[in-house]
Number of protein chains: 2
Amino acid sequence: MKKVKQIKTTSLDYAILGLIQQEPLSGYGIRKQFETTAIGNYSSSPGAVYPALDRLQKLGLVVKSLLENQKKEKFRCTPKGIDTLKIWLLQPVEINDVAKNVDVLLLKFAFMDTLLTKEQKLEYLTSFQKQLKIYIEQLKAFHSEEGSSLPLNGRLAFEHGLAGYSTTYKWCKNAIAAIRNHQEK
Amino acid sequence: MKKVKQIKTTSLDYAILGLIQQEPLSGYGIRKQFETTAIGNYSSSPGAVYPALDRLQKLGLVVKSLLENQKKEKFRCTPKGIDTLKIWLLQPVEINDVAKNVDVLLLKFAFMDTLLTKEQKLEYLTSFQKQLKIYIEQLKAFHSEEGSSLPLNGRLAFEHGLAGYSTTYKWCKNAIAAIRNHQEK
DNA sequence: GTCGACATGTAAATTGTTACATGATTTA
DNA sequence: TAAATCATGTAACAATTTACATGTCGAC
């Protein structure tokens with residue numbers, strides 16, 4: 001079986017796709033978003049963003065073009081780019097994402113706004129919440145078994161993690177209610 | 001002015017230093033820590049860990065040696081390694097760390113356990129808390145100004161961030177009390 | 001007219017990922 | 001004895017950081 005050269009789409013690539021799907025941006029505009037907003041930990045350095053845009057263009061996921069009423073060319077998603085983004089958004093929430101990539105899960109949720117249906121969003125949040133519950137229970141089990149044997153600083157740091165996940169769990173509950181009550185246009 | 005070849009110590013390097021300062025470990029043991037515990041987002045791949053250990057050995061920050069009552073050689077910190085780690089731990093908490101690297105700040109706090117004094121820990125937490133307060137106020141200001149103009153998903157994601165920082169703030173308060181009441185040995 | 005922000009890029013060095021390779025030791 | 005885990009590494013590749021380079025445009 002011949003091995004096909006697989007061009008990967010990285011997390012940064014998806015972040016860019018999601019950003020310009022909401023609003024077309026110049027390369028510089030994308031960099032500013034990563035630099036100045038609380039979007040996640042994506043690199044705003046030109047040496048990361050411009051090569052990423054090249055990759056995405058080569059893959060046919062974005063194009064740089066002049067829009068009506070605009071002076072400057074900006075990047076926007078192609079239909080293929082939108083599809084790629086949707087597939088990413090619809091990937092099931094794994095417990096490993098919950099443990100290590102909560103911020104990516106939240107970014108995905110933000111990008112879903114106009115791309116997925118109300119039902120898909122609710123399914124995402126429900127599954128997020130379910131994985132969170134499992135993970136929190138694991139952490140609590142560890143805490144009651146071995147918590148007292150940890151050094152003070154270590155135990156406190158661990159409890160910070162636990163508190164953070166509990167906050168996210170509560171947020172899920174609230175977000176589910178908010179999406180459910182929201183008028184679908 | 002001649003430019004001196006600067007060997008950088010990366011975040012992964014510090015994480016390794018901190019780990020083996022708590023307990024000497026083999027390269028494999030370090031990998032397992034990153035893979036199986038909730039320590040942060042450090043790479044457990046051999047292609048990251050072993051080259052990092054080479055770097056640290058070259059810098060004279062760690063050594064691999066046989067300890068008493070042990071069959072296998074393990075890595076541990078040299079005095080220079082401990083100093084390097086302490087300098088890192090004592091670095092002032094910047095608002096940018098609070099915004100983008102809370103997990104690193106918590107890892108540092110965990111590593112402080114036996115390395116810093118009670119007063120230094122309290123100073124760290126106090127400064128962490130102060131920067132958090134500033135950042136949270138910035139976020140709240142943004143929320144009341146522009147929150148209503150955000151799409152629902154974006155606003156909810158933003159509110160997740162806010163809730164997370166608030167949780168960390170409360171944790172700081174609690175951790176300060178816990179450290180303060182703790183008997184210094 | 002110059003300062004700062006807008007705007008796009010490149011090159012070198014470093015770092016990390018993925019996949020492979022190897023062998024020892026433990027355990028079922 | 002076969003499988004799983006311990007243990008250490010390398011090679012090819014992909015990605016990122018850092019630093020540099022260049023030029024436009026509007027404000028003051």
Side-chain angles (χ1 to χ4, degrees), chain A residues 1-17 19-20 23-36 40-59 62-67 70-75 96 100-101 104, chain B residues 1-17 19-20 23-36 39-59 62-67 70-76 96 100-101 104:
Chain A
M1 198 190 296
K2 207 203 285 187
K3 211 177 262 182
V4 177
K5 166 94 171 191
Q6 183 97 14
I7 305 183
K8 248 182 332 186
T9 314
T10 67
S11 172
L12 173 62
D13 293 339
Y14 284 117
I16 290 174
L17 271 180
L19 266 185
I20 64 178
E23 175 196 13
L25 288 168
S26 65
Y28 184 79
I30 292 166
R31 289 180 53 211
K32 287 294 129 181
Q33 287 286 318
F34 290 142
E35 202 176 300
T36 62
N41 274 323
Y42 298 100
S43 170
S44 68
S45 66
V49 172
Y50 290 110
L53 284 167
D54 289 345
R55 282 197 297 276
L56 290 168
Q57 277 182 303
K58 259 178 218 147
L59 290 167
V62 314
V63 283
K64 191 180 194 183
S65 61
L66 200 62
L67 298 168
Q70 302 244 312
K71 303 169 227 179
K72 305 265 178 179
E73 281 195 320
K74 295 193 168 168
F75 290 96
N96 203 51
K100 303 244 170 191
N101 294 310
V104 175
Chain B
M1 197 191 294
K2 207 204 284 186
K3 210 176 265 183
V4 176
K5 166 96 172 189
Q6 182 97 15
I7 306 184
K8 246 182 331 184
T9 313
T10 67
S11 173
L12 173 63
D13 294 339
Y14 283 118
I16 290 175
L17 271 180
L19 266 185
I20 64 178
E23 175 196 12
L25 288 168
S26 66
Y28 184 78
I30 293 166
R31 290 181 52 211
K32 286 293 130 180
Q33 287 285 319
F34 289 142
E35 201 176 300
T36 62
I39 268 189
N41 274 324
Y42 298 100
S43 172
S44 68
S45 66
V49 171
Y50 292 109
L53 284 167
D54 290 344
R55 283 199 295 276
L56 291 167
Q57 277 182 304
K58 258 179 219 146
L59 291 167
V62 314
V63 284
K64 191 181 194 183
S65 61
L66 201 61
L67 297 169
Q70 301 245 310
K71 304 169 226 176
K72 304 267 177 178
E73 282 196 320
K74 294 194 168 167
F75 289 98
R76 58 189 176 74
N96 203 50
K100 302 246 170 189
N101 294 310
V104 175

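From a predicted model like this one, the values you see are computed outputs, not experimental measurements. Proteins get letters first, then strands, A, B, ... in listed order; numbering begins at 1 in each.
Sequence order on DNA chain C of the closest nucleotides to A:Gly29 and B:Ser44 puts A:Gly29 first from the 5' end.
Residue A:Ser43 places at least one side-chain N or O under 4.0 Å from the OP1 or OP2 atom of D:dT17. Contact annotation: A:Lys72 side-chain N/O to D:dC25 OP1/OP2 distance is not under 4.0 Å. The phosphate of D:dA14 (OP1 or OP2) has no side-chain N or O of A:Arg55 nearer than 4.0 angstrom. Contact between the side-chain N/O atoms of A:Tyr28 and the OP1/OP2 oxygens of C:dC6 is found at a separation under 4.0 Å. Look at B:Tyr50 and you won't find any side-chain N or O under 4.0 angstrom from OP1 or OP2 of D:dG9.
If you measure from atom CG of A:Leu53 to atom C1' of D:dT16, you get 15 Å, rounded to the nearest angstrom. A:Glu35 places its CD atom 13 Å from the P atom of C:dA7, with the value rounded to the nearest Å. We find that CD of B:Glu73 is positioned 14 Å from P of C:dT25, with the value rounded to whole Å. In this structure, CZ of B:Phe34 is placed 16 Å from C1' of C:dT17, rounded to the nearest angstrom. C:dT14 atom C1' lies 14 Å from atom CG of B:Leu59, rounded to whole Å. The separation between B:Asp13 atom CG and C:dG16 atom P is 7 Å, rounded to whole Å. The interatomic distance linking A:Phe75 (CZ) with C:dC6 (P) rounds to 17 Å, in whole Å. Here C:dT17 presents its P atom at 11 Å from NZ of A:Lys100, a figure rounded to the nearest Å.
Of the candidate nucleotides C:dT15, D:dT8, C:dA7, D:dT8 has the atom nearest to the side chain of B:Arg31. Listed candidates were C:dA7, D:dG9, D:dA15. Nearest to the side chain of B:Pro46 is D:dG9. Closest approach to the A:Lys32 side chain among C:dT8, C:dT15, C:dC6 is made by C:dC6 (side chain taken as heavy atoms from C-beta onward).
When all heavy atoms of B:Ser44 and B:Arg31 are compared, the closest pair comes out as O-NE, 2.8 Å. Considering every non-hydrogen atom in both B:Ala48 and B:Leu12, the closest pair reads O-CD2, 3.9 Å. The nearest pair of heavy atoms linking A:Asn41 to B:Asn101 is ND2-OD1, 4.5 Å.
Between the B:Lys74 side chain and the B:Leu66 main chain, no donor and acceptor come within less than 3.5 Å of each other. The backbone N or O of B:Leu56 lies less than 3.5 Å from no partner atom in the side chain of B:Asp13, so there is not a single donor-acceptor pair.
Across all strands shown, B:Ser45 has heavy atoms under 4.0 Å from base atoms, whether or not it also approaches the sugar-phosphate. Counting any heavy atom pair closer than 4.0 Å across all strands shown, A:Lys74 reaches no nucleic acid atom. Within 4.0 Å of A:Gly27, counting heavy atoms only, lie sugar-phosphate atoms of the nucleic acid but no base atom.
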